[in-house]
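By convention in this document, chain letters (A, B, ...) are assigned in the order of the sequence lines, proteins followed by strands, and residues within each chain are numbered from 1.
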Amino acid sequence: MDEIAIHVREAYKVFHKQSLFPWNRKNGHGEKKRVVAVDSISFDVSKGEIFGVLGPNGSGKSTLIRLIATLLLPDSGAVTVFGHDVVHDRIAVQRLINRVSVEASFFKKLSPMENLIFGARLYGLSAQQARVQILEILTRLGLERSTISKPVEEMSRGMQQKVAIARALLTRPAVLLMDEPTTGLDPRSKREVQALVRELRDQDETTILLTTHDMVEAEMLCDRIAIMDAGKIVALDTPEKLCAMVPSHNGRSPTLEDVFLELTGKKLIEEDDVE
Amino acid sequence: MISATTRQLRASYAFVERNAHLVKRYWSWELVWLAYSIANSLSVSYIGLGMEQISGQEIDGRYLVLYLVVGTLVWRYLSLIFYWITDVIGLERWEGTIEYTLMAPIHRLTHMAGQTAFAVAYSLLFTAIILAVTVKLFQIDLTNANLFGMTLVMLSGSLSFIGIGIVGSILPLLFPERGAQMTHVIIAMLLLVSGVYYPVAVLPPTLRMLSVFSPATYVLDGTRKALLDGLPTAQLWPSIWPTLVAGAIAIPIGLWVFGLAERYAKRTGKLHRNG
């Protein structure tokens, strides 16, 4: 049996738009905004699997990643990484994971080298070890050596994203959480990142949880895909089996995009029809 | 395999090194800040020389200058420590890196120890420069001053301000938009009751009572005794022990409160918002 890397059981997360101070809170007129971001979802990801999460904006993908990344606490349910609970065993989980998000967040005045050494030290690496690895990873990502000592703010969005990926790889995570890592990248950079994702799984057996809006990317990279809508998983299977869920149109085999629209978009049309 | 202690030490040093890099990159801002601080100290100290003319009475202006110089220097030192520590969250919110730092497998004590070590070193250097300029300009004679005792009083006083700073740092965590500005209230209250520019005896009874609980009161008293009266180090003990006690209480409380605030931020999703 495959080893379970990520285990999510009935995870539930709701956000209340409410002030810390009681006198600022709305009074019983239903004005207090309540958003169920993750609605009792369950799934397992095996070690070495590339698991995709698709969903429209606001469907709960990033919240799910933050729950696994220990950046949010679930209201109920359980999330574990290689058996370690994200709430009760925070540091053990954090040693195993790293994350690449859609915003490549850095100290913008510092160089990639300074930013990456800072990140490496937080994970217990020495500067000497880190320097060697940084050069190796950035070269692997196709980043020129001359850019390594320039401030991050002088780099293009694509280059910054590569540095963000390097930051995650530097700690050799067993689980890599990638939240729309290729959004905003040019086609070439996108392909390089996609090749790297495959390489990480094939060579290092890294477990990857990937959220994306790019259906082709999801179909190409992921072993299994979960489609989320309004905080719930509406479908979960291999790309092939997901495609088989919808009928073909005009003799054309359905794509993942057709499945996505069928499961998320079509529902909205039906609601409009009712009105 | 590296030990857990080495891991945490490396992580702690990461904050020292990162802050040093930031100071280096923002060097022009540091110069402006230094010029502002020197001008501020001098303008307060000149009140001492002007008092004779203002009051029309014979006053020991040199003594008064030194009294005010001590006030400005001690206050600059303590407030710098406070601001560097409260900036532990504010800075990362500004850069958008907060989630990456709080996702790292480190204890909050490790995190704060690094930020604190840098804060103390930076504040000592900064204050020493202002002291050098002030001494030169006012031709202050420090031959009878107990500089060692003064440093000891200031270092022991740092501990309590570290604790207060950690408590203050929760404000940017809880209030992403205005939390950083809210920290000024804490420092303003301490400035009012601690006798920075006047003896606490002139305060009304309520404020005078509050001055007993401000560690800055003892730091200022001890520093003045060491610099103005040249009291030997052993006789400075009555000014040292209250600050040590305050530090021993404030630091654990600060860490505990920070832990609660971090949990609240993770429960309500406040880490994500970059204010």
A.B. asks: If you compare all heavy atoms of B/Gly96 against all heavy atoms of A/Ser105, which two are closest, and at what distance to 0.1 Å?
C.D. replies: O-CB, 2.8 Å
A.B. asks: Kindly say whether the aromatic ring centers of B/Phe15 and A/Phe118 come within a distance under 6.0 Å.
C.D. replies: yes
A.B. asks: Which residues in residues 119-128 of chain A have a heavy atom less than 4.5 Å from any heavy atom of chain B?
C.D. replies: A/Arg121, A/Leu122, A/Tyr123, A/Gly124, A/Leu125, A/Ser126
A.B. asks: Between B/Glu262, B/Arg263, B/Glu99, who has the most heavy-atom pairs with chain A when the cutoff is under 4.5 Å?
C.D. replies: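 Among the listed options, the one with the most contacts to chain A is B/Glu99.
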A.B. asks: Using a 4.5 Å heavy-atom cutoff, which residues in residues 78-89 of chain A come close to chain B?
C.D. replies: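 Residues of residues 78-89 of chain A touching chain B at under 4.5 Å: A/Val87.
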A.B. asks: Salt bridge (Lys or Arg N to Asp or Glu O under 4.0 Å): which pairs involve residues 122-135 of chain A, sequence neighbours left out?
C.D. replies: none
A.B. asks: Are any side-chain N or O atoms of B/Glu95 and backbone N or O atoms of A/Lys108, one a donor and one an acceptor, separated by less than 3.5 Å?
C.D. replies: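 It does hold such a pair.
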A.B. asks: Atom CG of A/Asn115 and atom OG1 of B/Thr97: how far apart are they, to the nearest 0.5 Å?
C.D. replies: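 Between atom CG of A/Asn115 and atom OG1 of B/Thr97 there are 8.5 Å.
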A.B. asks: Would you call B/Leu22 and A/Phe107 a side-chain contact if the rule is heavy atoms closer than 4.5 Å?
C.D. replies: yes
A.B. asks: Determine the option with the most heavy-atom pairs under 4.5 angstrom with chain B, choosing from A/Asp75, A/Ile91, A/Ile97.
C.D. replies: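 Sorted descending by pairs with chain B, the first entry is A/Ile91.
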A.B. asks: Taking non-hydrogen atoms and a cut-off under 4.5 angstrom, which of residues 102-117 of chain B neighbour chain A?
C.D. replies: B/Leu102, B/Met103, B/Ala104, B/Pro105, B/Ile106, B/His107, B/Arg108
A.B. asks: Walk me through it: do A/Lys109 and B/Lys24 pass the test side-chain contact (heavy atoms from CB on, under 4.5 Å)?
C.D. replies: CA-CA 10 Å; A/Lys109 290 271 178 208; B/Lys24 195 175 72 185; over 6 Å; no
